[in-house]
Each structure stands twice: as structure tokens, then as C-alpha cells.
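By convention in this document, chain letters (A, B, ...) are assigned in the order of the sequence lines, proteins followed by strands, and residues within each chain are numbered from 1.
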Number of protein chains: 2
Amino acid sequence: MTQSAKGRLPDRIDMTILDTLQKDGRISNVELAKKVNLSPSPCIDRVRKLEQDGFIEGYGARLNASKLGFGTAAFIQVTLDRTTGAVFDQFRDAVVKIPQVAECHMVAGGFDYLLKLRLSSMEAYRGVLGLIVDLPGVLQTHTYVVIEQVKQDAGLPLKFAAAPEGKTE
Amino acid sequence: MTQSAKGRLPDRIDMTILDTLQKDGRISNVELAKKVNLSPSPCIDRVRKLEQDGFIEGYGARLNASKLGFGTAAFIQVTLDRTTGAVFDQFRDAVVKIPQVAECHMVAGGFDYLLKLRLSSMEAYRGVLGLIVDLPGVLQTHTYVVIEQVKQDAGLPLKFAAAPEGKTE
DNA sequence: AAACTAACCTTATATAATTCGGTTTATAAA
DNA sequence: TTTATAAACCGAATTATATAAGGTTAGTTT
């Protein structure tokens, strides 16, 4: 078996579909089909296949954070005390449960985890920071408050995609 | 004028709609209406209003970055030389044009900008870093490569939303 | 209490999604 | 090169959904 078990790799048309849906997830199948020069039937077949093969994980509305009371964002660097390996698991299990933690990344190069928080205010920040400091294994933290969102949540630059396994066109 | 010019504030039903669409942006209006105990007509009226009032900015497919050749992520801290105020503008204008820069935040507390990159490989990282170092005003950078995505792109925790201006229920 | 407004429901119409059978095109084997 | 096979595609029919219009209720204001 030289290739992934289910389905073939996305071709150029699939890439256009993905890029289009990434930007407008509620485009009608009829419109999408026009855009990729297909009739509706094979177009929706491709979309379903992309969903089933896991290239599309879901669809979501992009909400305006500021207008909904989440105008404040902050990044928190977290360093753990590595007494045991289980510390990492405990920290991860606990941190993902905090709703205000929008992202959590384990990183290399200076500290252990980088968290992105979405908050309503600095008061809310103070509350959440209290939670994080008390999480298992946390040694120290450093916060960077976001002053201005210059660019956010840009989609995947599919034009620059490396072919996942073999020929993509 | 004590309140925002157009439209009223989202009530509890609107919040449920927003939270639902955030998680499933392609839910049919019929299903959505059932979920919030409305008939389809007032439900879609509310959705349209939320769109027009800017609470919903758009819809998009969530793509699997790894399967599409963007398995590598990295954060880059950027410090500028503040010779002039225009340096900030120049840097911002230039950095937003780099497709691999998924996010760019101006932050307080140690450095100036925090960038999030989505990349296909470390080779790609090397190329993009070269671009960033050469951007106008860049004094120094520090990179943190993401080892593991513990939590990513969690939606807004609307249950914890502060009422934007007044009564939200 | 009456008038007004806003939100809602029901029904009818238009549009889109989905399914199915058949055709073309590409791929592989003989 | 020819033939067999599979994949992708198209068009038409069906089903479901979105959209629009008219009327009703509930809440507010005067």
C-alpha cells in the first residue's frame, strides 16, 4: 500500500473548493459548482469526499469578538516544574477545560506552553490568570496583552501548500 | 442616543443561535429553528440581523492543516527599532501580506509583535523567517516552534460573555 | 383603554440539495 | 492497438430547504 487507504489526494479542483469554502463556508453548492466549472452533482460529491476524508473538519460562523464582549486578548507563557512527566498531562487536561483559553500550544525554546486567551476585560483576565497559576505544575507565567490585532485567523495559504504525499495536480 | 444606532442587542435566543452557528456553520435554518424553539421565519430573520449588525462576520470551513501540508506552526516574537512611528505602519503593511503569517498581534510587555506562522516544513520556516527579518524596522526576532497543539481555535465562550452594553437577557 | 410596535406563526412560492441513470473520459490490461 | 474497467461527470427528477407575504399575538407607550 503506497498511498493512504481511503480516497485519493486532492487535485487542483479540490484545492479550489477548499479555498472557496474556507472563505465562504455557506456558499451554495450551485455557486460553488459554477466557480470550479462543474455541474452541481460532482461538485457536491467532491465536497462530501473532502469531508469524509478529513480535509474539511467542519464549518463555523466567524463571530465578532469585540461586539460580543471579548474585546481583550492576551498571550500567556507558562513554565512548568518538570518533577515528573505526568505534570504535563495534568496541566494539559486542566487547561483545555478553561473556556477562556482559546489556544494552547506546547512549544520549544524557552518555556513550555503558550496560551491565547479571549477575555471580556482586564478584570476577567485577573480571574483567569488566578486559575492558570493554580494549575498543577505551573512554575511561572508571563503575560503579553494584545494591544492591536493586525492580522487574525487568516486561512491556510493553500497556494503555498506542499503536496501532502505525491502528485497534487 | 444611549444605544448603538442599528438594531437591538442580542438576547438569549440570539446567543444560542450564535453559539450554534459558531460550532456548525452549515446547519440548516430548519434545524436551527428547532434548536431555539422558533419557526423558521423568525429564526432566519434573527440570523440575517446578526449578520447585518456585524455579530456574524462570515462563515468558513475548518480545514485540517496537517493533511493539507501545514503541519508545522511557529510563533515569532518581533522587536522593532523605534526610530520613527512610521516604522510600525511599514512593518504592519508588509507583514500582513505574507501568506504564511496566520496571525499578527501588537503586544505590550517585552517585545512589539507576536506572529503565528503556518508552515509546511522547517525548510519553509527558514524561507519565511528570511522574509520577516528583512521587513522594515525589524531589530530582532525569537522563534518558538510548536511541538503539540493542545487546544486550538476554540470558539468564543459565549456563556462567559459580558453584556456588551446593557441587559443581555 | 387604545394605538402602536415587535416578534412570531402559517402558508405559498422559489431556490437549492440530493438522488439516479446514463455518458464520457481516463486508466490499465491484453 | 484494442479491449476492459473504473472513475468522474452531466442532466433530469425528486426532495428538502430558503425565502417572502399576510395575519396574529404579546408587549409598550400614550
Pairs meeting criterion ring pair (Phe, Tyr, Trp, His ring centres under 6.0 Å) with involvement of residues 128-152 of chain B, two or more places apart: A/F111-B/Y144, B/H142-B/Y144

Partner set under side-chain hydrogen bond (donor to acceptor under 3.5 Å, both in side chains) for [X], not counting sequence neighbours:
| X | answer |
| --- | --- |
| B/S39 | none |
| B/E57 | A/N64 |
| B/D19 | B/Q22, B/K23 |
| A/R48 | A/E51 |

Listed partners of A/D24 passing side-chain contact (heavy atoms from CB on, under 4.5 Å), at least two apart: A/R26, A/I27

Residues in side-chain contact (heavy atoms from CB on, under 4.5 Å) contact with B/A154, at least two apart in sequence or another chain: B/K151

Mutual orientation of the aromatic rings belonging to B/F91 and B/Y113 [parallel < 30°, tilted 30-60°, perpendicular > 60°]: tilted

Contact list for residues 127-139 of chain B, test salt bridge (charged side-chain N to carboxylate O under 4.0 Å, His left out), sequence neighbours left out: none

Pairwise salt bridge (charged side-chain N to carboxylate O under 4.0 Å, His left out) hits with a residue in residues 94-123 of chain B, at least two apart: A/E103-B/K116, A/K116-B/E103, B/R82-B/D112, B/E103-B/K116

Give each protein N/O atom lying under 3.5 Å from an N/O atom of nucleotides 4-7 of chain C, with the pair distance.
from: C/dA7; atom 1: OP1; to: B/R8; atom 2: NE; distance (Å): 3.3

Nucleotides 14-27 of chain C: protein proximity per nucleotide (B base, S sugar-phosphate only, - neither; heavy atom, under 4.0 Å): --SSSB--------

Rounded interatomic separation in angstrom, taking CG from B/D11 and P from D/dA26: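 Answer to the nearest Å: 18 Å.
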
Degree of bending in the helix from C/dA1-D/dT30 to C/dA30-D/dT1 once both end axes are built from five pairs, to 10°: 40°

